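See below for the structure under consideration.
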Number of protein chains: 2
Amino acid sequence: MASTVQLTSVLKTLADPTRRAVFERIAREGEVAATYLVQGSKVSQPAVSQHLRALRDAGLVAERREGRHIHYRVAPKGLGPLLDWLGHYQTFWAERFENLEKLLKESE
Amino acid sequence: MASTVQLTSVLKTLADPTRRAVFERIAREGEVAATYLVQGSKVSQPAVSQHLRALRDAGLVAERREGRHIHYRVAPKGLGPLLDWLGHYQTFWAERFENLEKLLKESE
DNA sequence: CATTAATATAAGCAATTGCTTATATATTTT
DNA sequence: AAAATATATAAGCAATTGCTTATATTAATG
């Protein structure tokens with residue numbers, strides 16, 4: 001029953017393009033250490049660190065410490081509040097939804 | 001092929017709770033004149049007007065003038081960039097996606 | 001233990017945001 | 001045309017945001 005607060009935090013967190021790019025890279029690569037996210041990012045190490053904190057606080061990523069590296073991965077439930085919310089607007093995107101449906105079937 | 005810019009604007013626009021509440025009310029009520037959105041909103045008329053402008057600029061609502069009233073309705077394609085983007089993360093929410101799938105089928 | 005490496009925190013700053021009040025622009029009504 | 005109604009715009013302001021540089025913390029290594 002994802003609260004408004006959670007949904008707001010997910011949306012705000014994903015709304016920043018730099019931060020969203022970090023999220024997308026984590027999603028693509030599976031598990032990435034922060035250092036590697038800093039390499040290949042336009043912004044500084046502290047900036048990346050702050051984005052990672054925001055992503056974690058929003059429940060969008062989880063972390064696993066391994067020595068002095070911290071590996072980030074996408075938290076499967078993180079997008080939950082957003083998906084729940086979108087569920088209420090199915091009537092507005094039913095068509096597109098069926099496209100996704102097709103994609104999903106093809107991918108298995 | 002919804003650009004990053006469009007996605008960012010959709011996310012930013014929906015991220016504000018007051019503005020999202022306006023959008024939700026338009027969605028629920030089908031077509032609503034701005035005046036009625038002002039009534040029942042915590043914020044002032046100009047604030048609502050600014051939110052409506054933001055929603056329109058993001059492509060989330062469309063308007064229809066009728067005399068001195070302007071009626072707002074949800075723009076079906078508005079959520080497109082968001083849905084397209086989510087399509088890339090199916091693997092992370094496939095399960096939840098199937099729930100939505102079920103709901104969709106029940107609703108027709 | 002001292003140094004290096006990985007990450008986080010602090011402080012400061014310019015830009016953006018969301019609101020307000022005041023005023024402008026339509027449009028209808030009298 | 002004047003008054004009333006519906007909506008938009010302008011200007012200003014406090015709060016938030018995303019970044020920076022500088023410094024701390026945590027962990028591995030020589």
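Within every chain, numbering begins at 1; the chains are lettered A, B, ... in the order of the sequence lines, protein sequences first and strands thereafter. All of these numbers come straight from a predicted model, not from anything done at the bench.
Aromatic ring orientation, B:W85 versus A:F23: tilted (interplanar angle from 30° to 60°).
Distance CD1 (B:I70) to C1' (C:dT28): 14 Å, rounded to an integer number of Å. In this structure, CG of B:L37 is placed 16 Å from C1' of D:dT5, rounded to the nearest angstrom. Here the C1' atom of nucleotide D:dT17 and the CG atom of A:L14 are 16 Å apart, to the nearest Å. Here C:dT9 presents its C1' atom at 15 Å from NE2 of A:H51, a figure rounded to the nearest Å. Taking atom CD of B:Q39 as the reference point, atom P of D:dT5 lies 13 Å away to the nearest angstrom. Regarding A:Y72, its OH atom lies at a distance of 14 Å from the P atom of C:dA6, rounded to whole Å.
Judged as a salt bridge (charged side-chain N to carboxylate O under 4.0 Å, His left out), not a single pair has a partner in residues 40-50 of chain A (not counting sequence neighbours).
Minimum atom distance to the side chain of A:H69 is reached by C:dA6, of the listed C:dA6, C:dA8, C:dC19.
Panel note: side chain B:R19, backbone B:L52; no donor-acceptor pair is recorded below 3.5 Å.
Comment: B:R20 does not engage B:D16 in a salt bridge, judged by the lack of any side-chain N to carboxylate O separation of less than 4.0 angstrom. Residues A:E63 and A:R65 are not paired through a salt bridge, judged by the lack of any N-O separation under 4.0 Å between the basic side chain and the carboxylate.
Atom CG in A:L37 sits 11.0 Å away from atom NE2 in A:H71 (nearest 0.5 Å).
Only B:V43, B:S44, B:P46, B:A47, listed by number, bring a heavy atom of residues 40-48 of chain B to less than 4.0 angstrom from any atom of DNA chain C. DNA chain C is contacted by B:R65, B:G67, B:R68 of residues 52-68 of chain B, taking any non-hydrogen atom closer than 4.0 Å.
Between the side chain of B:Q50 and the base of C:dT17 there is no donor-acceptor pair of N/O atoms closer than 3.5 Å.
Shown here for B:R73 and B:G30, the closest heavy-atom pair between the two residues is CB-O, 3.4 Å. Closest of all the heavy-atom pairs between B:V10 and B:P81 is CG2-CG, 4.2 Å.
Look at B:T18 and you won't find any side-chain N or O under 4.0 angstrom from OP1 or OP2 of C:dG18.
Within the 4.5 Å cutoff, the side chain of A:T13 has heavy atoms near those of the A:L55 side chain.
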